[in-house]
Number of protein chains: 2
Amino acid sequence: MAAQQGPRRGKRSDKPTIADVAALAGVSVSAVSKVVNNRPGISPPTRQRVLDAAEKLRWSPSATAVALRGARTRAIGMVAGRAADVLAADPHFSVLISGIEAELAPADYGLLLHIVGEEPSAEERAYRRLAEERRVDGVILTESRIGDTRFELLRQLRLPAVLVGTPWRDDPVVSVRAGGEQDAGIREAVDHLADLGHRHIAYVSGPEDRVHTVFRRRVFEAALEERGLRPTRIVVSEFTADAAVRAVRQLLAEPQRRPTAVLFANDTMAVAGMSAARRLGFEVPRDLSIVGYDDLPIGELVYPRLTTIGQDLVQLGRSAATAMFALLDGSPESAQPPPVRPPSLIPRESTGPAGGVGG
Amino acid sequence: MAAQQGPRRGKRSDKPTIADVAALAGVSVSAVSKVVNNRPGISPPTRQRVLDAAEKLRWSPSATAVALRGARTRAIGMVAGRAADVLAADPHFSVLISGIEAELAPADYGLLLHIVGEEPSAEERAYRRLAEERRVDGVILTESRIGDTRFELLRQLRLPAVLVGTPWRDDPVVSVRAGGEQDAGIREAVDHLADLGHRHIAYVSGPEDRVHTVFRRRVFEAALEERGLRPTRIVVSEFTADAAVRAVRQLLAEPQRRPTAVLFANDTMAVAGMSAARRLGFEVPRDLSIVGYDDLPIGELVYPRLTTIGQDLVQLGRSAATAMFALLDGSPESAQPPPVRPPSLIPRESTGPAGGVGG
DNA sequence: ATGAAAGCGCTAACAA
DNA sequence: TTGTTAGCGCTTTCAT
């Protein structure tokens, strides 16, 4: 009742504010504030009246006002330093984001996405703005690079950061990654192939400026050597389908040193590689076995279904978000999250016994 | 100079504020504000001093403060009402987002993403919070539904909205869509198949609560009839790979009324359907021709490459962002953006002459 | 051309 | 237990 004379400037029916709620509930604004923030010192009846008033007015605290006041922004940032089309082609990001969102949404946090080009300067600018403009409480990063400068930048900017993946050297950053045997997946894949009789196994790696790229290649080499096999061909290229196609052409060109199995650095490349092989007249898995990495949905869509090394990207995303929350709560000790299930081989249809025409 | 006694509360080296810049430049805060907002009434020398000071302090206006003051949030919202994993499997969204970001980024706008579950209530809640908390200046929607309630909600919330796609009935909403012949793609596809001798063409549609789903099916039927063919089988299902597989099984089950070509409502289903057919022993395109819709990157990755109906999703995203800007600038007349190139057939390898074993 | 001051909606000291 | 009030960093009249 007793709506004050004219309801604030000009337009009526403007968004309600904390003052409106306070007025309707017949209490002070600080009482309302205490209620919505679960602060002590409010009697149950008062509390209820405030809640009712807020409900009736469909009011919830203005995120910007809260943020300005110094509290949380309730938003986490993510900067993708890749060309937009590359990103669209590789669902890796989407899956990760799904996981992150799964944690953010219930906490009523939003994900502020910035897709900037490949140039590092654009990336840096994006982080700077995120920090300077105080748009987010923290950022989640992926794909740490060798000699990564982002963490240093973020520390300067005092922007809490969580990395999905393995940090470079001892970059003092909170990171979430697969637990225990991070190399388990690749080892299993190599064992799987070796057990199937493959002796010529190739690995198509991605650009070696990434920490995980190098790590995976090394694990591959080590695993092969342990089985007494020599790493047959390592083709380093880019993370694109085209690169995968070129790599396969090259691998299959010379009959005498042709591999009977190929491991790819990710599923997109593996699928592209598989198609390329078939276009060249090789049957999969009869003439060539193919293994991917990531276990993206696409692997189950294609024919034959892609054998791949699965890492739980969704869970990785969730953990990253959880870690971020811990970090923001000022408990960096507990921020290092429990490890995620290690990557493991998911045998499907694209691998089979060695001994086709390519043998 | 003459930094005031202690530089504000506690910690020094806190983020600089407009006051710091003003002090360093030896002017008032309002002068600084005018400069950064390109307001008139500032002499060139003063202007320069302010710019220099801001530069030196690495200051840029706090987004939250600006937003609170009533100006722009510089963020656009997007709510995905789908299960996170579905979303990850269908890159449709990612591609669209690429396009949107391509426009937002240069304007220094961010994209605030919310992935909520399938339940409509969660979706509504997300929009409400976006509006009530004033987190974004507007939202971009996709996939208008028949009887869509979102636009009414958004109007209530006074949240500017732009739809990518065809609105339901005359939902008074700004929308971006393909120009001219929106049915061009499907007609071309039907012509293409008919010219190849196909007489039994099936269409695997998605859930018919979507506006575009129904539209596409109708165009398909009309196009077939114009060629004197009867729409052979319409299987309505969900937008998932599994559904596509089931549909294909069903279509290929009865030899006497088996189609020789199938059009799918999207590329993901088409790829899944193609695999299913091949698993059942049908060669593509020898025994069965397949056509997708969207022209997602996956279509070029698989073997055989997918013939599909391409719509420029990236451009659609860009246009949506552009339209949003116009809307926010208060020029709704100019908000309706120029139409995007109409969808058109992209013939690749998954279609061929009718007359395989299935004929 | 420039500056002082009043808020935007909220939280947290501090009073009562 | 409750209310008063001073800002958070910025924009914008309104004076000067």
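Here is how names work: the chains are called A, B, and so on, in the same order as the sequence lines, proteins then strands, and each is numbered from 1.
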side-chain contact (heavy atoms from CB on, under 4.5 Å) involving Gln315(A) - partner list, sequence neighbours excluded:
Asp312(A), Arg318(A), Ser319(A), Val340(A)
Does a nitrogen or oxygen in the side chain of [X] sit under 4.0 Å from OP1 or OP2 of [N]?
X        : N       : value
Arg69(A) : dG7(D)  : no
Thr17(B) : dG9(D)  : no
Ser33(A) : dT11(C) : yes

Whole-Å distance separating the [atom1] atom of [X] from the [atom2] atom of [N]:
X         : N       : atom1 : atom2 : result
Arg134(A) : dC8(D)  : CZ    : P     : 12 Å
Arg49(A)  : dT1(D)  : CZ    : C1'   : 12 Å
Glu133(B) : dC8(C)  : CD    : C1'   : 17 Å
Asn37(A)  : dG9(C)  : CG    : P     : 17 Å
Asn38(A)  : dC10(C) : CG    : C1'   : 16 Å
Gln48(A)  : dT1(D)  : CD    : C1'   : 17 Å
Arg72(B)  : dC8(C)  : CZ    : C1'   : 17 Å
Ile18(A)  : dT2(D)  : CD1   : C1'   : 14 Å

Using a strict threshold of under 4.0 Å (side-chain N to carboxylate O), is an ion pair present between [Y] and [X]?
X         : Y         : answer
Glu132(A) : Lys15(B)  : no
Arg49(A)  : Glu55(A)  : no
Arg72(B)  : Asp329(B) : yes
Asp108(A) : Arg129(B) : yes

Check whether Asp20(A) reaches the backbone of Thr17(A) with its side chain - one donor and one acceptor, N or O, closer than 3.5 Å.
yes
Hey, does the side chain of Arg135(A) reach the backbone of Leu130(A) with a donor-acceptor pair shorter than 3.5 angstrom?
no
Show the distances under 3.5 angstrom between N or O atoms of the protein and N or O atoms of nucleotides 1-3 of chain C.
| from | atom 1 | to | atom 2 | distance (Å) |
| --- | --- | --- | --- | --- |
| dT2(C) | OP1 | Ser43(B) | OG | 3.2 |
| dT2(C) | OP1 | Thr46(B) | OG1 | 2.7 |
| dT2(C) | OP2 | Ser43(B) | N | 2.7 |
| dT2(C) | OP2 | Ser43(B) | OG | 3.1 |
| dT2(C) | OP2 | Thr46(B) | OG1 | 3.1 |
| dG3(C) | OP2 | Ser28(B) | N | 2.9 |
| dG3(C) | OP2 | Ser28(B) | OG | 3.2 |
| dG3(C) | N7 | Ser30(B) | OG | 3.0 |
| dG3(C) | O6 | Lys34(B) | NZ | 2.8 |

For the helix from dA1(C)-dT16(D) to dA16(C)-dT1(D), what is the angle between the axes at its two ends, each from 5 pairs, rounded to 10°?
40°
Euclidean distance, Ile97(A) CD1 relative to Leu313(A) CG, rounded to 0.5 Å
11.5 Å
How many angstroms lie between atom CD1 of Ile76(B) and atom CE of Met324(B), to the nearest 0.5 angstrom?
4.5 Å
